[in-house]
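So that we are looking at the same thing, I have put the structure below in structure tokens.
Please read these numbers as outputs of a predicted model, since none were measured by experiment. Numbers here simply count residues along the sequence, with the first being 1. Numbering of ligands and ligand atoms starts at 1, following listing order.
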Amino acid sequence: MKILSVVGARPQFIKLAVLSHEIRKHFNEFIAHTGQHYDYEMSKIFFKNLEIPEPDINLGVGSAEREEQIKKMVSGLEKIFLEEKPDLVVVFGDTNSTLAGAKAASKLKIKIAHVESGMRSFDKTMPEELNRIETDKISDILFCSTQTAIENLKNEKIKGSIHLVGDIMIDTLKLSLEAAEKNSNILQDLDLKPKEFMIATVHRAGNTDDEANLRNIVESFVESGEKIIFPVHPRTAKVLKSYGLDKKFKNTNVAVVRPLSYTDILVLEKNAKKILTDSGGMQKEAYFFKVPCITLRDETEWTETVDDGWNILAGADKSKILEAIKNFDPDGQQNEGYGSGNSGRNMVNVIKKLFSG
Ligand code: UD1
């Protein structure tokens, strides 16, 4: 049996790391990289860091407007699927690469498994929400991280075979943490002491493509006076410059750095006083490390983190962000484990069972 995994953007490499390892214990795997992310720090370093097998092919699609990017990916992937004739295509998360992989497979009537299925923000202005809904509709196997995701799929009357398997990013985190702590020098390199700094990331279109939102976020970081490490995503770097906001960080408490490796990010997250982010993965990682998370969005798919009080939705509202930086101090019980770290194995067991019959 041949499984073809489609990846393209940074969080997908983190998800592929464990699953690829599990898949290869039982099946042949072919990895197709769409090329959505192409900078060394956004792609290659993750394959090296996480010891993921080199992609068998990279479509080199690069940047483009959503519809066009997806179209290019679908046509490239169709050719590969026709040549490779996989029995199952696996897609991850909610990016344009996810939807493109699912669309190409659906067109060729190849079975599709969606990892991190059923997540919903209920905000249809987000490209990620559109990608999730469309992908789930055409997937045959829906692997869910949480019970909430299962309920979402049930409410939408999604047809495929639905399985609660736990969260694959938590698998990767658990497997990587020890080595990360041994190998990373990031605390020394940035001259940081545990729990004396915060870490921030911003890349969602809702924040980067809206100048007022990005300005509020930037100003709240600077005005907080807290030491904030801010690894800047390429999308955000571009717009900060074009809005002239990059200058606001000069000689301030905010240290702007390039995107970091997985190893370095894990170590920074674990040792941070608080995390400010609009990323889904970092909200989960903050929860795992019991680091208070200030989410720079008005809603989240990872609702358990908010329900348990470890995550606060501050949006791009300057006063809410500043208030949370100063006073948000959760200590409640955590009720969601996001699986036991066996999510990859659970998925492969489901695939084995479904395909043996
Ligand atoms: C994508 C995903 C998002 C995910 C994020 C993780 C979609 C719609 N969005 O957002 O869900 O959370 O990845 O990082 O798929 N760029 C570079 N170098 C790169 C990659 C991108 O300079 O290596 C620039 C592009 O030129 C483009 C911008 O960043 O202008 C946005 O890239 P894109 O891949 O469209 O979306 P992301 O913001 O990365």
Side-chain angles (χ1 to χ4, degrees), residues 6-17 33-50 55 58-74 76-77 91-103 114-117 119-121 123-136 145 168-169 172 200-210 213-214 217 230-243 246 258-262 265 275 277-285 295-297 299-302:
V6 178
V7 289
R10 186 168 58 178
Q12 291 164 335
F13 312 139
I14 300 169
K15 290 167 195 162
L16 176 67
H33 188 318
T34 62
Q36 179 174 352
H37 285 174
Y38 44 89
D39 287 349
Y40 176 81
E41 298 120 321
M42 297 297 288
S43 174
K44 188 132 195 156
I45 193 171
F46 288 84
F47 283 83
K48 274 174 67 179
N49 226 214
L50 290 163
N58 189 321
L59 294 178
V61 161
S63 312
E65 175 277 322
R66 180 171 184 266
E67 297 290 316
E68 193 197 327
Q69 194 181 43
I70 294 176
K71 219 162 122 191
K72 277 194 200 161
M73 291 175 184
V74 170
L77 288 170
V91 296
F92 301 79
D94 58 13
T95 74
N96 293 345
S97 298
T98 314
L99 179 57
K103 275 188 156 181
H114 182 203
V115 177
E116 210 183 80
S117 168
M119 303 314 299
R120 296 291 182 269
S121 64
D123 173 3
K124 287 195 180 160
T125 64
M126 288 176 74
E128 291 86 353
E129 183 76 353
L130 304 178
N131 292 341
R132 291 176 196 128
I133 295 173
E134 284 191 63
T135 302
D136 284 337
S145 301
I168 191 89
M169 282 182 111
T172 312
T201 72
V202 181
H203 74 270
R204 294 274 171 198
N207 285 327
T208 59
D209 299 0
D210 182 315
N213 279 356
L214 195 58
I217 291 172
F230 183 20
V232 182
H233 186 288
R235 166 198 281 278
T236 316
K238 271 188 211 165
V239 290
L240 281 171
K241 209 162 173 206
S242 74
Y243 301 150
D246 51 337
R258 306 207 25 112
L260 294 169
S261 70
Y262 184 64
I265 275 283
I275 291 175
T277 191
D278 58 9
S279 142
M282 286 187 60
Q283 291 174 55
K284 262 180 288 176
E285 286 157 1
T295 293
L296 307 169
R297 288 174 48 196
E299 75 302 297
T300 180
E301 303 79 42
W302 306 100

Show which atoms of ligand 1 fall inside a sub-4.0 Å distance from at least one heavy-atom site of Asp94.
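So the atoms of ligand 1 that pass are 11 (O).
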
Under 3.5 Å, is there a donor on one side chain and an acceptor on the other for Ser121 and Glu128?
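Their side chains do not contain a donor-acceptor pair, so the 3.5 Å distance test is not met.
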
Report the nearest protein non-hydrogen atom to atom 6 (C) of ligand 1: residue, atom name, distance rounded to 0.1 Å.
Pro11 CD, 3.4 Å

Using distance alone, decide if ligand 1 has a nitrogen or oxygen within less than 3.5 Å of any nitrogen or oxygen in Ser97.
no

Arg258, CZ atom: more than 12 neighbouring heavy atoms under 6.0 Å:
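No, CZ of Arg258 has 12 or fewer neighbouring heavy atoms, counting only those of other groups under 6.0 Å.
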
For atom 20 (C) of ligand 1, find the nearest protein heavy atom and state the residue, atom name and distance (0.1 Å precision).
His37 CD2, 3.3 Å

Location of contacts on Arg66 toward ligand 1, heavy atoms closer than 4.0 Å
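Neither part.
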
For atom 26 (O) of ligand 1, what's the nearest protein heavy atom and its distance?
Ser63 OG, 2.4 Å

Sub-4.0 Å protein heavy atom next to atom 33 (P) of ligand 1:
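True for atom 33 (P) of ligand 1.
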
Identity and distance of the protein heavy atom lying nearest atom 2 (C) of ligand 1:
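Ranked first by proximity to atom 2 (C) of ligand 1 is Thr95 CG2, 3.8 Å.
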
Minimum-distance protein heavy atom relative to atom 18 (N) of ligand 1
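Result: Asp39 OD2, 2.9 Å.
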
Can a side-chain donor-acceptor contact be found between Ser63 and Gln69 if the only test is distance below 3.5 angstrom?
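Distance-only check fails for Gln69 and Ser63.
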
Can you pull out the closest protein heavy atom to atom 16 (N) of ligand 1? Residue, atom name and distance to 0.1 Å, please.
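Going by distance alone, atom 16 (N) of ligand 1 is nearest to Tyr38 OH, 3.5 Å.
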
Nearest-neighbour protein heavy atom for atom 7 (C) of ligand 1, which is reported as residue plus atom name and distance
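Of the protein heavy atoms, Gln36 NE2, 3.6 Å lies nearest.
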
Tell me: protein heavy atom nearest atom 30 (O) of ligand 1, and distance?
Lys238 NZ, 3.0 Å

Nearest-0.5 Å distance that lies between atom CG in Asn58 and atom NZ in Lys44
9.5 Å

Less than 3.5 Å between some nitrogen or oxygen of Arg235 and one of ligand 1, yes or no?
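Such a contact does occur with ligand 1.
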
Are the side chains of Asp136 and His114 in contact, using a 4.5 Å heavy-atom criterion?
yes

Between Asp278 and Thr295, is there a side-chain heavy-atom distance shorter than 4.5 Å?
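No - every pair of side-chain heavy atoms lies 4.5 Å or more apart.
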
Any chance you could measure Thr34, atom OG1, to Gln12, atom CD, to the nearest 0.5 Å?
7.0 Å

Side-chain donor-acceptor pair present, Asn131, Thr98, cut-off under 3.5 Å
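No donor-acceptor contact under 3.5 Å links the two side chains.
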
Per-residue contact class, Glu128 against ligand 1 - non-hydrogen pairs under 4.0 Å:
side chain

Look at the side chain of Asp39 and the backbone N and O of Met42, then say whether any donor-acceptor pair between them is shorter than 3.5 Å.
no

Closest heavy-atom approach to atom 10 (O) of ligand 1 among Met126, Met282, His203 is made by His203

Once the angle between the rings of His233 and His37 is folded into 0 to 90°, is it parallel (under 30°), tilted (30 to 60°) or perpendicular (over 60°)?
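Taking His37 first and then His233, their aromatic rings stand perpendicular (interplane angle over 60°).
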
Glu129, Lys44, His233: member with heavy atom nearest to atom 37 (P) of ligand 1
His233

Given Asn96, Thr208, Thr236, Asp209, identify the one with the heavy atom nearest to atom 15 (O) of ligand 1.
Asn96

May I ask you to test the Ser43-Tyr38 pair for a side-chain heavy-atom distance under 4.5 Å?
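Sidechains of Tyr38 and Ser43: no contact.
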
